[in-house]
Amino acid sequence: MALSITEECVACQACEPVCPNDAIRFKSGIMRIDKNACTECAGYHELPQCVEICPVEGAITNADGTPMNPPGTLTGIPRKKKSV
Amino acid sequence: MNIVPESGVGSASALVEEHPCYSAGAAHRYARLHLAVAPACNMQCRYCNRKFDCANESRPGVVSGVLSPEQAVQRAGEAMRRLPHLRVIGFAGPGDPLANRERVFATCKPLRLQFPELHLCLSTNGLCLPESVRDIVDHGIRHVTITLNTLDPEVGAAIYSWVFWKQRRRRGLEAARIVLEQQLAGLSALLAQGVLVKVNTVLIPGVNAEQVPAINRLVSAAGVFSHNVMPLISAPEHGTYYGVMGISGPSEEELHQVRSRCQGSAHLMTHCRQCRADAAGLLGEDRQAELRPVSLLGNRVIPIHRPKPALLAKAVLLAVATSTGERVDTHFGHAHSFRVYRVTGERIEYLEERRVPRYCQGDDRCEVTDDVLDNALQVLRDCQGVICARIGYTPWQALAERGIVPDNNHANRPVREALRQTALQLQENSGSRNCGLAAAC
């Protein structure tokens, strides 16, 4: 059970200090989650902290590859407007 | 307790008279440097979209590159040598400085030791302010700006998409209430410590215009030094909520009308230039491009670009300002010629040397520097980019306007390495992320 960061990441580094497992590092232009260390915050917090603070839609996915913050959920900008 | 002496270094009068944002008079005399050590943010304001690698947009939240604390101290040292009237070091983003407390305070410590004559200053959304006041004071920060856009959570819910607060993302009224409570508590705590406080209010037509006079009364009564009612900056290419949704900034008249309703004792700031989070120089004078780029500031580089594609698909024509063809060693404005290369994937072909005529070409304009720039633009007109050791702001803009990407990230690096990296960069940036302001973005 671990989360992943996609190439949508802009490397704002907000997730790094909120991770209770110290599982997030900056690597090759984006932040990366150490799959062996990530517990999705089980045992620490009710909700995964990186998902809660990440400002970029689609930047964090679960084990199935499903975005934890789907398009439109953070900016409030409707999906079809985003390509402007 | 009051931490400010009545006279001398750090005195109340010096705090005002040497800070370009606190005194319109100082804005003409004293320079400031924003150190971009704060990439993270703890909330999403609908007028904001941070950009970490943009040289073109002139607005808050935008930087060319994020600095580590060590790099930031190096940059301050360089700015001290190059900007003779530097008085203020500000922490203004691109995120919220207090969402990056460790990085900000780790920068303050060496700065205070090395440059005790500089004023330290930060601006914040206020969310983490109450618990940070002690550290702010202890690190010698005597100027703080809080952005306070409304006193009404109903209005705040239309301005803030979300805040990260106590381990979860909060939205709507809940988010707006938390922000307001924290801002007001932080404001009082700072004033009680004798910190000079400025309040920024972003005027968003149709959203918070009616709030502004009440904010002005409240902050004036509290003892805030200055109130800056600033116009919303909004354009679709900025990628902000308001920009994409077509909500525009106020007209001059609207802004003036709202400001005229602010009659409190706080000085009404009207000379704000809404600077980038890596601005350098006098207000309205962008000199950050003259400072060494992030990639040359020590080893602890925080690259901010996405992973690069393996191979280039098509050829790119690049010009290089170099004296021998070995290294990128020439200032754009000093180049008597440029070497032009075609880069295709891993293959680099040297095509020719193009000389820049240095003298008037016989037309009506004889202003030499303009002619040299025009001549350079003419010989580079078919290039997609130009690589040089340094470049001034005016030629940078002129090139960018013509779709030629200036690159000063490879000063003193081998020409071939610079060509390869710049070509890769150009290809990356020509994708879907183009902001429309310049090919570099």
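The sequence lines fix the lettering, A, B, ..., with proteins before strands; numbering per chain opens at 1.
Put simply, of B/Ala38, B/Pro94, B/Pro39, the one with the most heavy-atom pairs under 4.5 Å next to chain A is B/Pro39.
The neighbour count for B/Glu131 CD, taken as heavy atoms of other residues, nucleotides or ligands under 6.0 Å away, is above 12.
For chain B, the nearby part of A/Val18 is the side chain; its heavy atoms alone come within less than 4.5 Å.
The two residues A/Ala14 and B/Cys41 come nearest to each other via the heavy atoms CB-O, 4.2 Å. Among all heavy-atom pairs drawn from B/Val244 and A/Ile77, the shortest one is CG1-CG2, 3.6 Å. Counting all heavy atoms, side chain and backbone alike, A/Thr75 lies closest to B/Tyr241 at O-CD1, 3.3 Å.
Near-neighbour residues of residues 157-170 of chain B relative to chain A, defined by a heavy atom under 4.5 Å from a heavy atom of that chain, comprise B/Ser161, B/Trp162, B/Phe164, B/Gln167, B/Arg168, B/Arg169.
By the side-chain hydrogen bond (donor to acceptor under 3.5 Å, both in side chains) test, A/Thr73 is found to be paired with no residue, residues two or more places apart in sequence or in another chain being considered. Applying the salt bridge (Lys or Arg N to Asp or Glu O under 4.0 Å) test to B/Asp152 and every residue at least two apart in sequence or in another chain returns nothing. A search for salt bridge (Lys or Arg N to Asp or Glu O under 4.0 Å) contacts involving B/Glu154 returns nothing, not counting sequence neighbours.
The structure places CD1 of A/Ile53 at 12.0 Å from CD of B/Gln44, a figure rounded to the nearest 0.5 Å.
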